[in-house]
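These notes are about the structure you will find just below.
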Amino acid sequence: MLGWRREKLRTVLNVSAFEGTDPADTIRSEWPTIVFDITDIAYYIVNSRWPTGIQRIQLAVLSALIAQPPEKLNILFSAFSRASNYWTPIANEIVEDLVAMTAADGEDDDVHWKRLVGRIEAQIFIGPDLEIPPGARLINLGSSWAIPNYFLAVRRAKLECNLIYIPFVHDCIPIIAPQYFVRELGYDFREWLRGVLDHADGVLTSSNSTAKDLDSIAIKFGYNPPNASRIRLDGKFEPIRTGKKQTKEVILNRYGVEESNFILFVSTIEPRKNHKLVFQTWLDLIHERGVENVPTLVCVGGRGWKNESALHLLNSNPDLQKKSNCSRTSPTQNSTHFTARACSQSIQAAMKAGAFP
């Protein structure tokens with residue numbers, strides 16, 4: 001179907017140009033418009049139902065926008081289409097389903113989940129170009145470093161409708177600590193950040209640490225410091241209504257623990273998050289106090305890259321395996337809520353993170 005126009009594809013597939021309520025029908029010209037770009041999460045869910053930290057931040061923002069829409073503001077959702085090299089609108093109904101289903105327990109092959117992913121993929125591939133109101137602000141909640149021609153579209157929208165582009169930079173770690181990443185990612189991230197500094201009218205970060213990193217990198221790259229606005233994370237693990245009943249007991253049984261008798265470690269398993277140090281600490285405690293006198297460690301997070309050393313330490317020590325439980329996938333928003341509320345305490349060991357103060 002190479003070379004087919006989207007209109008022809010819609011005719012052949014017998015689908016409408018837009019699923020759900022058309023955002024253009026809800027725009028009030030006297031109100032300012034904010035377009036939330038959810039490209040990162042939209043492409044992420046094609047491969048995984050379980051969000052990582054950056055996706056959790058995006059989903060929390062979307063959940064809040066749906067639950068309490070701002071007054072006297074036009075709020076639109078969009079995703080960038082590789083087929084058109086421009087944004088396409090995503091209906092509020094789809095965003096609501098996305099927030100609910102990523103929060104609820106379920107599997108990648110669940111029929112309802114697969115249908116949602118298919119709806120989003122179809123909308124991105126054959127949906128119409130987003131009609132951006134003049135002077136609208138585009139807030140990219142994730143990152144677009146893996147999306148070709150993204151900044152070409154930003155320049156086009158700036159010329160055609162005076163778009164104000166505001167990306168959310170979650171961290172600069174691939175540049176300041178490249179040893180924790182594969183080389184290709186570091187290169188792509190560096191080029192994306194140059195594009196951000198070339199095109200952004202403002203920048204958002206979640207911490208002073210990332211804002212300072214960004215200023216420092218900008219100066220090294222020959223730009224003025226962007227002086228990013230800080231959007232602090234509130235640190236709350238609030239459940240999201242999903243339509244599916246989830247109980248604390250079900251979640252805790254999954255990890256083989258009871259309330260208040262375990263320590264929680266929420267992080268993707270990769271060198272930067274320092275699981276090897278935590279595992280070694282637990283081994284030292286076991287040798288010092290005995291296996292029965294050491295609390296259970298619950299590690300919640302997906303499997304990242306370069307984690308062989310940490311996993312070898314875990315898998316080669318039976319006593320450590322008795323006192324630790326590591327999930328193989330990232331947790332849902334609601335399971336994180338239940339485990340965070342039930343643990344005796346939580347720990348973090350990351351050597352660098354975007355949300356550090």
* Structure fact -> Residues Val196 and Phe151: closest non-hydrogen pair is N-CZ, 3.4 Å
* List the steps, then state whether salt bridge (Lys or Arg N to Asp or Glu O under 4.0 Å) holds for Asp201 with Arg137. => CA-CA 9 Å; Asp201 300 291; Arg137 288 162 172 79; over 6 Å; no
* Asked: Between Asn92 and Glu96, is any side-chain donor less than 3.5 angstrom from a side-chain acceptor?
  -> no
* Of Asp37, Asn140, Asp40, which meets side chain to side chain donor-acceptor pair (under 3.5 Å) against Gln58? -> Asp40
* To do: Assess whether side chain to side chain contact (heavy atoms under 4.5 Å, CB included) is satisfied between Arg232 and Ser206, documenting all intermediate values.
  => CA-CA 5 Å; Arg232 290 295 186 89; Ser206 61; over 6 Å; no
* Pairs where residues 71-92 contributes a residue and the test salt bridge (charged side-chain N to carboxylate O under 4.0 Å, His left out) is met, not counting sequence neighbours -> none
* By side chain to side chain contact (heavy atoms under 4.5 Å, CB included) - contacts of Leu152 (at least two apart) -> Asn149, Arg155
* Side-chain heavy atoms of Leu76 within contact of Ile132, under 4.5 Å -> no
* If Ile, Leu, Val, Met, Phe, Trp and Tyr residues are connected whenever their side-chain heavy atoms lie under 4.5 Å apart, and connections chain through other members, are Leu141 and Val46 in the same group? -> yes
* Got more than 12 heavy atoms from elsewhere within 6.0 Å of CD, Glu160? -> yes
* Distance-only, no hydrogens or angles: does the Lys323 side chain make a donor-acceptor pair with backbone N or O of Pro295 under 3.5 Å? -> no
* Would a hydrophobic clustering, with Ile, Leu, Val, Met, Phe, Trp and Tyr connected at side-chain separations under 4.5 Å, put Leu277 with Leu297? -> no
* Structure fact -> Here the pair of heavy atoms bringing Gly135 nearest to Ile164 is O-CD1, 3.9 Å
* Do side-chain atoms of Arg230 reach the backbone of Ala228 as a donor and acceptor pair under 3.5 angstrom? -> yes
* So, the side chain of Ser344 versus the backbone of Asn261: is there a donor-acceptor pair under 3.5 Å, distance only? -> no
* Kindly say whether Ala310 contributes a backbone atom to a donor-acceptor pair with the side chain of Asn307 at under 3.5 angstrom? => no
* Asked: Is it true that a side-chain atom of Tyr43 and a backbone atom of Phe80 form a donor plus acceptor pair closer than 3.5 Å?
  -> yes
* Asked: Side chains of Ile38 and Leu62: does their closest heavy-atom pair fall under 4.5 Å?
  -> yes
* Asked: Within a strict 4.5 Å, meaning less than it, do heavy atoms of the Leu204 and Val169 side chains meet?
  -> no
* Structure fact -> Scanning both residues in full, the closest heavy-atom pair of Pro70 with Ile75 reads CD-CG1, 4.0 Å
* According to a 4.5 Å side-chain heavy-atom criterion applied to Ile, Leu, Val, Met, Phe, Trp and Tyr, with indirect links allowed, do Ile66 and Trp31 form part of one hydrophobic cluster? -> no
* Glu131 side chain to Pro89 main-chain N or O, any donor-acceptor pair under 3.5 Å? -> no
* Gln68, CD atom: more than 12 neighbouring heavy atoms under 6.0 Å -> no
* To do: Would you please say whether a donor-acceptor pair under 3.5 Å links the side chains of Asn74 and Arg28?
  => no
* Structure fact -> So CD1 of Ile175 and CZ of Arg190: to nearest 0.5 Å the spacing works out to 5.0 Å
* Linked, directly or transitively: Leu59 and Leu116 (ILVMFWY side chains, under 4.5 Å) -> yes
* Asked: Any side-chain heavy-atom pair from Cys299 and Val278 closer than 4.5 angstrom?
  -> no
* Ring-ring centroid check His199 Tyr165, cutoff 6.0 Å -> no
* Do the side-chain N and O atoms of Asn85 and Tyr150 include a donor-acceptor pair separated by under 3.5 angstrom? -> no
* Sequence neighbours excluded, which residues qualify as ring-ring contact (aromatic ring centres under 6.0 Å, His included) partners of His312? -> none
* Asked: Would you find a donor on one side and an acceptor on the other, under 3.5 Å apart, between the side chain of Thr88 and the backbone of Asp129?
  -> no
* Leu98 side chain reached by Ile45 side chain, heavy atoms, under 4.5 Å -> yes
* To do: Count the heavy atoms of every other residue, nucleotide or ligand shown that sit under 6.0 Å from NZ of Lys158, and state whether that count exceeds 12.
  => yes
* **Whether Ser216 side chain and Lys212 backbone form a donor-acceptor pair below 3.5 Å** => no
* So, Glu270 side chain and Tyr180 main chain: donor-acceptor pair closer than 3.5 Å or not? -> no
* **salt bridge (Lys or Arg N to Asp or Glu O under 4.0 Å) involving Glu288 - partner list, sequence neighbours excluded** => none
* Asked: Within the distance-only criterion (no hydrogens, no angle test), does the side chain of Ser144 pair as donor or acceptor with the backbone N or O of Ile147 below 3.5 angstrom?
  -> no
* Of all residues at least two apart in sequence or in a different chain, which pass the side chain to side chain donor-acceptor pair (under 3.5 Å) check with Asp188? -> none
* Would you please say whether a donor-acceptor pair under 3.5 Å links the side chains of Trp282 and Ser324? => no
* **Plane angle bin for Phe221 and Tyr223 - parallel if under 30°, tilted between 30 and 60°, otherwise perpendicular** => perpendicular
* **Partner residues of Asp215 under the salt bridge (Lys or Arg N to Asp or Glu O under 4.0 Å) criterion, sequence neighbours left out** => none
* **Hphob cluster co-occupancy, Leu138 + Val203, side-chain heavy atoms under 4.5 angstrom** => yes
* To do: Apply side chain to side chain contact (heavy atoms under 4.5 Å, CB included) to Trp192 and Ser143, showing your working.
  => CA-CA 9 Å; Trp192 169 75; Ser143 66; 4.0 Å; yes
